[in-house]
Amino acid sequence: MASASFVKPNVLSSPWIAQRSFTTHPSASSPPPPRVSFAIRAGAYSDELVKTAKSIASPGRGILAIDESNATCGKRLASIGLDNTEDNRQAYRQLLLTTPGLGDYISGAILFEETLYQSTKDGKTFVDCLRHANIVPGIKVDKGLSPLPGSNDESWCQGLDGLASRSAEYYKQGARFAKWRTVVSVPCGPSALAVKEAAWGLARYAAISQENGLVPIVEPEILLDGDHPIERTLEVAEKVWSEVFFYLAQNNVMFEGILLKPSMVTPGAEHKNRASPETVAEFTLTMLKRRVPPAVPGIMFLSGGQSEAEATLNLNAMNQSPNPWHVSFSYARALQNSVLRTWQGKPEKIEASQKALLVRAKANSLAQLGKYSAEGENEDAKKGMFVKGYTY
Ligand code: 13P
């Protein structure tokens, strides 16, 4: 049974809203709003969503994002001279998901649809591998970005059609959380239309995910592209997150059962100055404290093209004093780069590659606890991975 604290308000019968829009003002002649009872409805999965979100946002752990579409995974494989075949994608994901001890540092893994239905070469489903390691399986549900007509060369995220039935199927297959990544570009404006579309799409996706038992990761990625200063990123991030929470609330999304995946607030990648981890932490936490209610259990940052070491140092700086939410990572590039470089597609390098993954996972686990020191980091971990106009 759902506990009272996680029930959803029924907006239509609320005496506070009283079947009025927030934006219309009652005229003097209009009758007083009817005083109806405050009816409430618990979503079928409310308790489970809260439990799932809490287990992902558990101390010293974060998310391994390996949900690259086949095309993007192909680029990763091409970087080490491998063809983009289903076999190679399976081999790479098997290497990652069967890393011994991964669950000590990783609480959730975001998979692409193909991976959710795949197994190891000896027949154990990837979903079972994750469950046995105490890692929650997740699924990327968006269908990628398309040009947004009427905007300033911006894009919008596809995938709402059929999302409810797809989500129900993913739940049956073992997924317990979802990811929807849309993007906002600072140098393209951003236009009011693009921000509104991004926020509305995320809110509709979040409501549909919760209805089907999946904890939605809400990810409006503010791209690093541009030469703007950090103050401009802060301004855009505040605008974007205020709209996202406005529409999440309008769609009756239960905040205790979501996770956020923001970009860190940094200067644009082409800005003349880099920001120190302390500055990134100060700007990012300022933005989050202004915009994110403490009911949200976890903030799981994306790495966005930062180097492995930079992403870890910035996260560590954000955990130097207590935060209202679990502040952690959901990195793809900043967890996978060393692994790919070590593996090179060679079976005899699998063990070393898994060790490389554990090194990064452990570093970020320490950063989640605010206890990371960069001592002993190799030079490769300090190399940035920013790609202009990156697609996922
Ligand atoms: P990066 O950490 O590479 O930016 O990945 C972001 C992402 O959305 C993965 O789910």
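Position 1 is the first residue of the sequence; numbering continues from there. Because the structure is a prediction, the values reported are computed rather than measured.
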Quiz prompt | Verdict with reasoning, Y205 to E219, per side-chain hydrogen bond (donor to acceptor under 3.5 Å, both in side chains) | solution = CA-CA 11 Å; Y205 137 79; E219 181 181 1; over 6 Å; no
To the nearest 0.5 Å, atom CG of L97 lies from atom CD1 of I106 at 10.5 Å
Rounded to the nearest 0.5 Å, the CG atom of L130 sits from the OG1 atom of T125 at a distance of 8.5 Å
All heavy atoms of A57 vs all of G298, minimum pair found to be CB-CA, 4.2 Å
| request: Anything under 30° is parallel, anything over 60° is perpendicular, the rest tilted; go ahead and classify Y247 against W200. | output: perpendicular
Practice item. Could you tell me whether the side chains of R360 and T312 share a donor-acceptor contact shorter than 3.5 Å? Key: yes
Quick note, salt bridge (charged side-chain N to carboxylate O under 4.0 Å, His left out) partners involving residues 78-88, not counting sequence neighbours, are D87-K121
- Go through the steps to decide whether S119 and K124 satisfy the test side-chain hydrogen bond (donor to acceptor under 3.5 Å, both in side chains), and finish with yes or no. CA-CA 5 Å; S119 301; K124 186 169 176 180; over 6 Å; no
Looking at Y171, I'd like to know if the NZ or CZ of R176 sits under 6.0 Å from its six-membered ring centre while staying within 45 degrees of the ring's axis. yes
All heavy atoms of A317 vs all of P277, minimum pair found to be CB-O, 3.5 Å
Do E221 and V184 have side chains that approach each other closer than 4.5 Å (heavy atoms only, starting at C-beta)? no
ring-ring contact (aromatic ring centres under 6.0 Å, His included) filter on Y331, not counting sequence neighbours, yields F329
Report task. Walk me through it: do K355 and E351 pass the test salt bridge (charged side-chain N to carboxylate O under 4.0 Å, His left out)? Result -> CA-CA 6 Å; K355 284 201 178 119; E351 209 180 307; 3.6 Å; yes
Practice problem: Please report the C-alpha distance between E308 and S338 in whole Å, then the side-chain angles of each, then the deciding distance to 0.1 Å, and finally whether the side-chain hydrogen bond (donor to acceptor under 3.5 Å, both in side chains) criterion is met. | Solution: CA-CA 8 Å; E308 291 177 330; S338 308; 2.6 Å; yes
ask   = Between T342 and K349, does any side-chain donor sit less than 3.5 Å from a side-chain acceptor?
value = no
Inset, instruction - Start with the C-alpha distance between S55 and S58, add both sets of side-chain angles, then the distance that settles side-chain hydrogen bond (donor to acceptor under 3.5 Å, both in side chains), and finish with yes or no. - result: CA-CA 5 Å; S55 109; S58 60; over 6 Å; no
| field | Heavy-atom donor-acceptor pair, Q210 side chain to G257 backbone, under 3.5 Å | value | yes
Separation between CD1 (I66) and CZ (R89), nearest 0.5 Å, reads 12.5 Å
message: Using a 3.5 Å distance criterion without hydrogens, assess whether the side chain of N323 forms a donor-acceptor pair with backbone atoms of M318.
response: yes
* Please check if the side chain of R166 supplies one atom and the backbone of V141 the other of a donor-acceptor pair under 3.5 Å. => yes
Check your understanding: Quick check: does any side chain N or O of W156 sit under 3.5 Å from a backbone N or O of P147, one acting as donor and the other as acceptor?
Key -> yes
Rounded to the nearest 0.5 Å, the CZ atom of F177 sits from the CD1 atom of I139 at a distance of 9.5 Å
So side-chain hydrogen bond (donor to acceptor under 3.5 Å, both in side chains) across residues 93-109, not counting sequence neighbours, yields E68-R93, Q90-Q94, T98-Q354
Are L160 and I208 close enough, and set up right, to give a side chain to side chain contact (heavy atoms under 4.5 Å, CB included), and what steps lead you there? CA-CA 9 Å; L160 288 177; I208 294 167; 4.3 Å; yes
Quiz item: How far apart are the C-alpha atoms of R341 and I80, what are their side-chain angles, what is the distance that settles it, and do they pass the side chain to side chain contact (heavy atoms under 4.5 Å, CB included) test?
Solution: CA-CA 7 Å; R341 240 190 353 254; I80 55 168; 6.0 Å; no
| query | Are side-chain heavy atoms of L102 and L358 found at a separation under 4.5 Å? | reply | yes
> Are the side chain of T284 and the backbone N or O of A281 linked by a donor-acceptor pair below 3.5 Å?
Replying inline: no
Between S330 and F301, is there a side-chain heavy-atom distance shorter than 4.5 Å?
no
Exercise. Is it true that a side-chain atom of T233 and a backbone atom of T266 form a donor plus acceptor pair closer than 3.5 Å?
Worked result: yes
| message | Under 3.5 Å, is there a donor on one side chain and an acceptor on the other for E211 and Y45? | response | no
Heavy atoms of L335 and V339 approach each other most closely as O-CG2, 3.5 Å
S303 side-chain N/O to Q306 backbone N/O, donor-acceptor pair under 3.5 Å = no
Nearest heavy-atom approach of V280 to A275 is CG2-CB, 3.8 Å
Taking CG in N152 as the centre, count heavy atoms belonging to other residues, nucleotides or ligands within less than 6.0 Å. Is the count above 12?
yes
When every non-hydrogen atom of A53 is compared with those of P297, the smallest separation belongs to CB-CG, 3.7 Å
Sorted by chain and residue number, the side chain to side chain donor-acceptor pair (under 3.5 Å) partners of T279 (sequence neighbours excluded) come out as S276
**Prompt:** Does the N319 side chain pair with the main chain of A367, one donor and one acceptor, at a distance under 3.5 Å?
**Reply:** yes
Under a side-chain separation threshold of 4.5 Å, the hydrophobic residues clustered together with L302 are none
| said: Counting only heavy atoms not in Q344 (residues, nucleotides, ligands), do more than 12 fall under 6.0 Å from its CD? | reply: yes
- Given ring-ring contact (aromatic ring centres under 6.0 Å, His included), test F245 with F255 step by step and report yes or no. CA-CA 9 Å; F245 274 98; F255 291 174; 5.2 Å; yes
Is the backbone N or O of P187 less than 3.5 Å from a side-chain atom of D225, with the two atoms forming a donor-acceptor pair by type?
no
So CG of L77 and CG of N70: to nearest 0.5 Å the spacing works out to 10.0 Å
*How far apart are the C-alpha atoms of E238 and R290, what are their side-chain angles, what is the distance that settles it, and do they pass the side chain to side chain contact (heavy atoms under 4.5 Å, CB included) test?*
CA-CA 8 Å; E238 285 186 357; R290 286 175 178 169; 2.5 Å; yes
In short, V327 meets Q368 closest at the heavy-atom pair O-NE2, 3.2 Å
Evaluate whether atom CG of D161 has more than 12 neighbouring non-hydrogen atoms of other residues, nucleotides or ligands under 6.0 angstrom away. no
Contacts of S191 meeting side-chain contact (heavy atoms from CB on, under 4.5 Å) (sequence neighbours excluded), chain-then-number -> S151, E154, L193, A194
Pair Q158, D142: side-chain N/O donor-acceptor within cut-off below 3.5 Å = no
Practice prompt. Evaluate the side chain to side chain contact (heavy atoms under 4.5 Å, CB included) criterion for residues L82 and W343: first the C-alpha distance (whole Å), next the side-chain angles of each, then the deciding distance (0.1 Å), finally the verdict.
Written response: CA-CA 11 Å; L82 293 186; W343 181 41; 3.7 Å; yes
Look at the side chain of E243 and the backbone N and O of K239, then say whether any donor-acceptor pair between them is shorter than 3.5 Å.
no
query: How about F112 and C73: do any of their side-chain heavy atoms sit closer than 4.5 Å?
result: no
Rounded to the nearest 0.5 angstrom, the CZ-NE2 distance for R61 and H326 is 8.5 Å
